Colleague: 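Input: one structure, supplied below.
Throughout, a chain's letter reflects where its sequence line sits, starting with A, and its residues are numbered from 1. Since the model is a prediction, treat every value here as computed from it, not as a measurement.
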Amino acid sequence: MSETNVCDEEKSILDFKIDLINKRHQSGSLIPLLQSAQNSYGYIPEKIIYYISELVNVPAAEIYGIITFYSQFRLKPVGKYLIRICEGTACHVNGAKKVLSILQDELGISIGETTQDGNFSLVSVACLGCCSLAPVMMIKDETFGNLNPDKIKKAIRKFSNKEKISIEI
Amino acid sequence: MKRVKVGLGTCGLSAGGESIFNKFKEEIRNNNLQVELCETGCMGMCYAEALVEIEDEFDSYLYSKVSVDKVGKIVNEHLINNNPVNSWIIRSKDICSEESFTKKQIRIVLRNCGVINPTSIDEYVAKDGYKALQTVLKSFSREEVIEEIIKSGLRGRGGGGFPTGQKWKLAYNETAGKKYIICNADEGDPGAFMDRSVLEGDPHSVLEGMTIAAYAIGSDEGFIYCRAEYPLANKRLRTAIRQSREKGYLGKNIFGTGFNFDISIKEGAGAFVCGEETALMASIEGKRGVPVLRPPFPTQKGLWGKPTNINNVETYANVSWIILNGWQKYAALGTEKSKGTKVFALAGKIKRSGLVEVPMGITLNEIVYDIGGGIKDGKKFKAVQIGGPSGGCIPASMGNLKIDYDEITSTGAIMGSGGLIVLDETTCMVDLAKYFLNFTQMESCGKCTFCRIGTKRMLEVLERITEGNGKNGDIEFLESLAGKIKATSLCGLGQTAPNPVLTTLKYFREEYEEHINEKKCSAHSCSSLIKYEVVEELCKGCRVCVKACPTGAITGMLKEIHVINYDLCNKCGKCFEACKLNAIIRV
């Protein structure tokens, strides 16, 4: 990992700690705190559950229950680029299954898994809300619509090339 | 001065809007042009993205399917030489190639979407924004506001259709000191993006509607519960709230009237059930989003036990228009019991998909054919799916059905929040029912036994049917279990979860029977029930399919007829797509 990345990570963890201090006395702050933790770490590490538990005075088991209830929260780290495949109705009738099978072939992973190099993780989501562009997927924060096999491969290549370049540098 | 507006809603962004915006910026700077460049929300014509509109003092020109490489020509010819590129324009004074898309629409909720820059409060104010709030605070009593909304006939646009004014009155009648206003922006229905577009394109109209509701019921604090999957909507809302506070439309002593109200955003964490109001409130309180029994209703005992008024995004976006234009004008639109307009997210197998706002009372056929332009690729119109996982499928034969809460409910579907997915002959109705049940089964919070386990059992039966293992009695079992799930579930999720199965059974029963008895899927969608065959007369032995097959199931020498080995075939369909001679067919 390059030096700038370390700084970024420390900065985001610092942001999280500031958030902790600001939010711990607000009512209903638990979910925003967990969101903040996930933004900082990329997932929710076990030690953070205990940490938050003490701060807001809610048992760790209850926090675990909340984490597993909401699909947004992850207890394991994900790859650098999270690929979200839309399984909305419009995407379903326009061939979302095919998109998934192409992605699985390209990356060699199934839903919920991460590639060995740690670059890509694959998840499915209920609806990205871009139904008129179905079928759709999202890589990181970028949406790709009207997908066909070529477009999918191109999109993946765009991100994997980025990785190759940064390794060379 | 000319003004260039680039559509940067989520649909515009994914069609490359951002790089188009940057290219315009660069060209305008390089050519030293006196042109205003700004972003705007969804213009509704998602099928024609990316959209760019150029306005001057006389006219506006809407360019469709713009790409980065078209920008140079538009800048040169239109902005510099005043020669609009007519072949790319779909709407101006003289060109109206898309007239049929807009002709039957009436834009109340979407009045500013795609028109103003959503990040500028001044543009909203210039369109009479916050005028309704000012009028209400200065010259309406709280009772008069409620009366106005009751008379307009506005009903909850989240799907339930409860009269909005009545709900406000219930909250108003509560005497507790502290009351809350909540905006439900947890648009979880797959196939629905109305609320997202309103939040992205015109966030202030929602804030204004909420503030008027707060005044009416006597509340000083509001929350917007917005899906975390909508990063742009969240961002636009945060900007809008900040601007409103700066201008004094939110906060203390609004318009100098002594009325205080402020709004904060709560980001959802991804649970469909949180669209249900009691679950939503539990989630705001920081708990698992599990519904509780009503009554007491939220208007009596809601967030943190206090009276709470919950409406959805579209409902609030109607409010200021009603105040400014009068309830008579709103009530003049629509049918006897459903007034005003409804926004639909039109998608699926339709030519012109996008965001449409139509007066209540319009027929399904008018939406599909006149506005949507009919079915894609010359296929046959089969049905529409309305209301998402709680709704149902209405067959094409009922295309004259009017958009009206009660008429739609009588078909077994529901109005729902506004997802309208058009289906053609290639959609298998059993597969679609399975798709929705899979969704609700996963999203069930697990509190009620029948919703938790009953949906699972129904799903298993549907899986069996689509895999070719359906049995006699399966249909009757589905119907009987569906009735029990509806009767014994606490909240809307469970009560409506069987609807997609029940409506497809009602209108497409023969498809279920065909799957079970003949092991056949006439839509060629269920992979277990289809088979690929080589048409010997058409096969030229080119080996394209042999190379495309991932399992090595196809064999044959060059210029010889190829053969499929069914023991190896996994029915992926790659050969079917690869063959340019139509020599491989699906049966």
Side-chain angles (χ1 to χ4, degrees), chain A residues 23 26-36 38-39 56 58 62-74 84 86-98 101-102 105 123-134 136-138 141-149, chain B residues 10-11 13-15 46-47 49 187-193 195-197 227-231 266-272 274 283-290 304 345-349 353-355 385 388-389 419 421-424 426-427 431-432 435-436 439 442-443 445 550 572-573 577:
Chain A
K23 284 182 180 150
Q26 290 169 18
S27 39
S29 64
L30 192 50
I31 290 172
L33 277 177
L34 292 171
Q35 284 168 332
S36 175
Q38 184 156 298
N39 279 340
V56 296
V58 174
E62 206 177 312
I63 298 181
Y64 181 78
I66 290 166
I67 292 171
T68 52
F69 182 84
Y70 292 102
S71 61
Q72 187 192 23
F73 297 127
R74 295 182 291 264
R84 285 184 261 216
C86 180
E87 292 200 332
T89 322
C91 290
H92 179 79
V93 299
N94 277 315
K97 268 188 216 156
K98 195 139 266 167
S101 89
I102 293 169
D105 286 354
V123 294
S124 70
V125 293
C127 187
L128 291 170
C130 315
C131 311
S132 50
L133 301 164
V136 185
M137 67 173 177
M138 219 167 152
D141 290 331
E142 206 173 323
T143 315
F144 296 86
N146 292 323
L147 292 174
N148 57 36
Chain B
T10 297
C11 42
L13 283 173
S14 45
C46 305
Y47 62 95
E49 291 283 3
E187 186 173 53
D189 280 9
F193 53 94
D195 294 349
R196 191 208 69 206
S197 301
R227 283 184 88 190
E229 285 91 337
Y230 289 173
K266 287 276 177 181
E267 257 184 59
F272 176 67
C274 288
S283 182
I284 292 182
E285 291 173 13
K287 302 179 202 149
R288 289 165 69 111
V290 176
W304 288 297
L346 193 57
K349 304 289 182 80
S353 57
L355 198 66
Q385 206 288 336
I421 311 281
V422 180
L423 310 169
D424 69 8
T426 63
T427 314
D431 176 69
L432 192 72
Y435 162 80
F436 279 115
F439 177 83
M442 292 214 298
E443 293 293 343
C445 77
C572 68
E577 282 159 24

Colleague: Hey, does the side chain of Ser71(A) reach the backbone of Ala271(B) with a donor-acceptor pair shorter than 3.5 angstrom?
Modeller: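 No, because the side chain of Ser71(A) does not come within donor-acceptor range (under 3.5 Å) of the backbone of Ala271(B).
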Colleague: Is chain B contacted by the side chain of Leu133(A), its backbone, both, or neither, given a heavy-atom distance below 4.5 Å?
Modeller: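 Answer is side chain: those atoms of Leu133(A) sit under 4.5 Å from chain B.
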Colleague: When heavy-atom pairs shorter than 4.5 Å are enumerated against chain A, which of Pro550(B), Cys274(B), Pro190(B) gives the highest number?
Modeller: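 Maximum pair count with chain A is reached by Pro190(B).
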Colleague: What part of Arg196(B) gets within 4.5 angstrom of chain A, counting heavy atoms only: side chain, backbone, both, or neither?
Modeller: side chain
Colleague: Can you name the closest pair of heavy atoms from Gly286(B) and Leu30(A) and give their distance?
Modeller: O-CD2, 3.9 Å
Colleague: Could you give the distance from SG (Cys572(B)) to NZ (Lys98(A)), rounded to the nearest 0.5 Å?
Modeller: 7.5 Å
Colleague: Roughly how far apart are Ser36(A) OG and Glu267(B) CD, rounded to 0.5 Å?
Modeller: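 Rounded to the nearest 0.5 Å, the OG-CD separation comes to 11.0 Å.
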Colleague: Which answer fits Leu128(A), side chain, backbone, both or neither, if we ask what part of it has an atom under 4.5 Å from a heavy atom of chain B?
Modeller: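 Only the backbone of Leu128(A) comes within 4.5 Å of chain B.
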Colleague: Is it the side chain or the backbone of Ala126(A) that comes within 4.5 Å of chain B heavy atoms, both, or neither?
Modeller: both
Colleague: Under 4.5 Å heavy-atom distance to chain A, tell me which part of Ser283(B) shows up: side chain, backbone, both or neither.
Modeller: both
Colleague: Rounded at 0.5 Å granularity, tell me how far CZ in Phe69(A) sits from NZ in Lys287(B).
Modeller: 12.5 Å
Colleague: Which value, rounded to the nearest 0.5 Å, describes the distance between His92(A) atom NE2 and Ile421(B) atom CD1?
Modeller: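 So the gap between those two atoms works out to 11.0 Å.
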Colleague: Please enumerate all residues that pass side-chain hydrogen bond (donor to acceptor under 3.5 Å, both in side chains) together with Gln35(A), with sequence neighbours excluded.
Modeller: Gln72(A)
Colleague: Rounded to the nearest 0.5 Å, what separates atom CD in Glu87(A) from atom OH in Tyr435(B)?
Modeller: 7.0 Å
Colleague: Pick one of side chain, backbone, both or neither for Asp105(A), based on which atoms fall under 4.5 Å of a heavy atom in chain B.
Modeller: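 Contact with chain B: side chain only.
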Colleague: Which value, rounded to the nearest 0.5 Å, describes the distance between Ser29(A) atom OG and Glu285(B) atom CD?
Modeller: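 The CD atom of Glu285(B) is 12.5 Å from OG of Ser29(A), to the nearest 0.5 Å.
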Colleague: Say whether, by atom type as modelled, one donor and one acceptor occur between the side chain of Ser132(A) and the main chain of Ala347(B) under 3.5 angstrom.
Modeller: no
